[in-house]
Student: 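Can you keep this structure in mind? I'll have questions shortly.
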Amino acid sequence: MSNERAPGREALAGARRVVVKIGSALLTNDGRDLDEAAIGGWVDQIAELHRRGIEVILVSSGAVAAGMVRLGWRSRPSTVHELQAAAAVGQNGLTECYEGHFARHGLITAQILLTHDDLSNRKRYLNARSALRTLVDLRVVPVINENDTVVTDEIRFGDNDTLGALVANLLEADALVILTDQEGLYDADPRYHPGARLINEGRAGDPALAAVAGTGGALGRGGMTTKVLAARLAARSGAVTVIASGRQPEVLIRLSEGERLGTLLRPEQAPIAARKRWLAGQLQVRGSLTLDAGAVKVLRGRGSSLLPVGVKALSGNFVRGDMVVCVDEHGERIAKGLVNYGAEEALKILGRSSHQIESILGYMEAPELIHRDNLVVL
Ligand SMILES: Nc1ncnc2c1ncn2[C@@H]1O[C@H](COP(=O)(O)OP(=O)(O)O)[C@@H](O)[C@H]1O
Ligand SMILES: N[C@@H](CCC(=O)OP(=O)(O)O)C(=O)O
């Protein structure tokens, strides 16, 4: 086994807190029940990292796939309640399996099932963060999955790559390691392009990466598309992301020792504050504002608040406090934020200067449409 230390891999080699995401495609051994032996192998590696003082938070998929096998279903069901039933059956097996393997190393696990709602409600988000921090401090290994049994389409992460990235944000982890059934991100989907080449390193958020990433297999959900997106989300709190094969022997140990494996996606910008990351992670957008070129410039360049004078049009039926997306005149997404005025009032003050708000509406909630503390540039 080579132990080539590559320049630029120090970020991962020095990581003290790591989120490891293991995907459905790996966990079920191509659909033949939970791959207990493989799970045991990853647990051994995580336990070794633990011994070396590295905190590991596990995000594990596999509930639906494991449930399907237990219920004797050959293909992924299409109805929501069947998927939820499969997840409920499978999650049991998953928890039991991890608990048993970690116990061999004297480590305690904690099952945490999250929904997008849990992270979008500020109070619940802070609660989840405190509970997870406490578990980590207690040297317990949190095993996280989406709470598939209660989510609806509107509030689901759907894939666990996104969940892994948000957990990395939540706990300000140094690294997100996404283990999957490929060696990493290739310049084309290797299932259809046998000559595709592995991308060793890239910038999280590079649009060229999104272009080469394709969809997933029969058991997985997001494919590489969601992994590339997850790297971009993780970068917001300064985490590096590695996409690597869970089938590489000792992959986690080798990565932590700085070996060049998989695809490393590094943050290109300074980390953004926790509150702004929370804002950026919101899925439910209730409307959109079209900005003029001047507003785009000050939002991007100076991180200013958005004033009504810089807004040309709006759509959606949002109310005060809702999340809206800001786009430029070509429809490109510029920012997201919480509005101070509902759509009806906002429509009346578009393009007007802030000192006119009171005379137009009869009151002034705030001089800006979105305050800079509630705005995140994308
Ligand atoms: N550019 C690419 N490089 C590597 N794999 C890709 C690419 N585009 C699509 N894929 C596919 O993504 C799959 C992994 O995603 P997915 O099935 O969702 O797995 P997981 O359950 O691990 O998240 C791979 O099996 C691969 O076929
Ligand atoms: N929460 C789901 C995982 C969804 C899923 O398959 O995600 P992924 O492994 O990212 O493709 C489950 O446990 O089955």
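Whatever order the structure lists them in is the order used to number ligands and atoms, beginning at 1. For clarity, every value in this text was computed on a predicted model and none was experimentally measured.
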Student: For residues Pro308 and Arg352, determine if any side-chain heavy atom of one lies less than 4.5 Å from a side-chain heavy atom of the other.
Tutor: no
Student: Just going by heavy-atom distances, which of Thr28, Val59, Val64, Asp148 is nearest to atom 14 (O) of ligand 2?
Tutor: Val64
Student: Decide whether an N or O pair under 3.5 Å exists between Asp181 and ligand 1.
Tutor: yes
Student: Just distances here: any N/O of Ser24 and N/O of ligand 2 closer than 3.5 Å?
Tutor: yes
Student: Set out, in order, the CA-CA distance, both residues' side-chain angles and the distance that settles side-chain contact (heavy atoms from CB on, under 4.5 Å) for Glu345 and Tyr363, then state yes or no.
Tutor: CA-CA 11 Å; Glu345 295 81 30; Tyr363 68 96; 3.4 Å; yes
Student: With sequence neighbours excluded, tell me which residues meet side chain to side chain donor-acceptor pair (under 3.5 Å) with Glu96.
Tutor: none
Student: Only heavy atoms of Arg191, strictly under 4.0 Å: list the atoms of ligand 1 that pass.
Tutor: 11 (C), 26 (C), 27 (O)
Student: Answer yes or no: does atom CZ of Arg372 have more than 12 heavy-atom neighbours from other residues, nucleotides or ligands under 6.0 Å?
Tutor: no
Student: Against ligand 2, does Lys21 come closer than 4.0 Å with any heavy atom?
Tutor: yes
Student: Using a strict cut-off of 4.0 Å, indicate which atoms of ligand 1 neighbour a heavy atom of Thr180.
Tutor: 14 (C), 19 (O), 20 (P), 22 (O)
Student: Gln182 heavy atoms, cut-off 4.0 Å: which ligand 1 atoms fall inside?
Tutor: 5 (N), 24 (C), 25 (O), 26 (C), 27 (O)
Student: For ligand 1, which atoms sit closer than 4.0 Å to a heavy atom of Tyr186?
Tutor: 1 (N), 2 (C), 3 (N), 4 (C)
Student: Would Glu146 and Asn160 count as a side chain to side chain donor-acceptor pair (under 3.5 Å) if you check the C-alpha gap in whole Å, the side-chain angles of each, and the deciding distance to 0.1 Å?
Tutor: CA-CA 7 Å; Glu146 182 160 17; Asn160 272 358; over 6 Å; no
Student: Out of curiosity, is Leu26 lining ligand 1, as in a heavy atom under 4.0 Å away?
Tutor: no
Student: Can you check whether Thr263 reaches Glu183 side chain to side chain, under 4.5 Å on heavy atoms?
Tutor: no
Student: Could you list which atoms of ligand 1 come closer than 4.0 Å to a heavy atom of Gly184?
Tutor: 3 (N), 4 (C)
Student: Does the residue Ala188 have a heavy-atom contact with ligand 1, meaning some pair of atoms that are separated by less than 4.0 Å?
Tutor: yes
Student: For Ala63 and ligand 2, does the shortest N/O to N/O distance drop below 3.5 Å?
Tutor: yes
Student: Which atoms of ligand 2 sit under 4.0 Å from any heavy atom of Gly23?
Tutor: 9 (O)
Student: Check this for me: does any side-chain nitrogen of one of Arg16 and Glu55 sit under 4.0 Å from a carboxylate oxygen of the other?
Tutor: no
Student: Could you tell me whether Asp118 and Arg124 have a side-chain N and a carboxylate O separated by less than 4.0 Å?
Tutor: yes
Student: Only one of Asp181, Asp161, Asp159 passes salt bridge (Lys or Arg N to Asp or Glu O under 4.0 Å) with Lys227; say which it is.
Tutor: Asp161
Student: Go through ligand 1 atom by atom and flag the ones less than 4.0 Å from a non-hydrogen atom of Val212.
Tutor: 1 (N)
Student: Please check if the number of heavy atoms outside Arg302 that lie under 6.0 Å from its CZ is greater than 12.
Tutor: no
Student: Looking only at N/O atoms, are Ala213 and ligand 1 under 3.5 Å apart anywhere?
Tutor: no
Student: Going by the order shown, which atoms of ligand 1 are within less than 4.0 Å of some heavy atom of Ser24?
Tutor: 21 (O)
Student: From atom 13 (O) of ligand 2, work out which of Asn145, Asp159, Thr180 has a heavy atom at the shortest distance.
Tutor: Asn145
Student: So, Arg300 and Glu332, do they make that salt bridge, N to O below 4.0 Å?
Tutor: yes
Student: Is the closest basic N to carboxylate O distance between Asp44 and Arg104 below 4.0 Å?
Tutor: yes
Student: Ignoring angles and geometry beyond distance, decide whether Ala25 reaches within less than 3.5 Å of ligand 1 through its nitrogen or oxygen atoms.
Tutor: yes
Student: Within the 4.5 Å heavy-atom criterion, are Trp278 and Leu166 side-chain neighbours or not?
Tutor: no
Student: Could you establish whether Ala87 and ligand 2 come within less than 4.0 Å of each other, counting only heavy atoms on the residue side?
Tutor: no
Student: Applying a strict 4.0 Å limit to heavy atoms, is Glu183 in contact with ligand 1?
Tutor: no
Student: Suppose I only count heavy atoms of Gly62 and a 4.0 Å limit; which atoms of ligand 2 are within that range?
Tutor: 12 (C), 13 (O), 14 (O)
Student: Any N or O of Ser61 that comes nearer than 3.5 Å to an N or O of ligand 2?
Tutor: yes
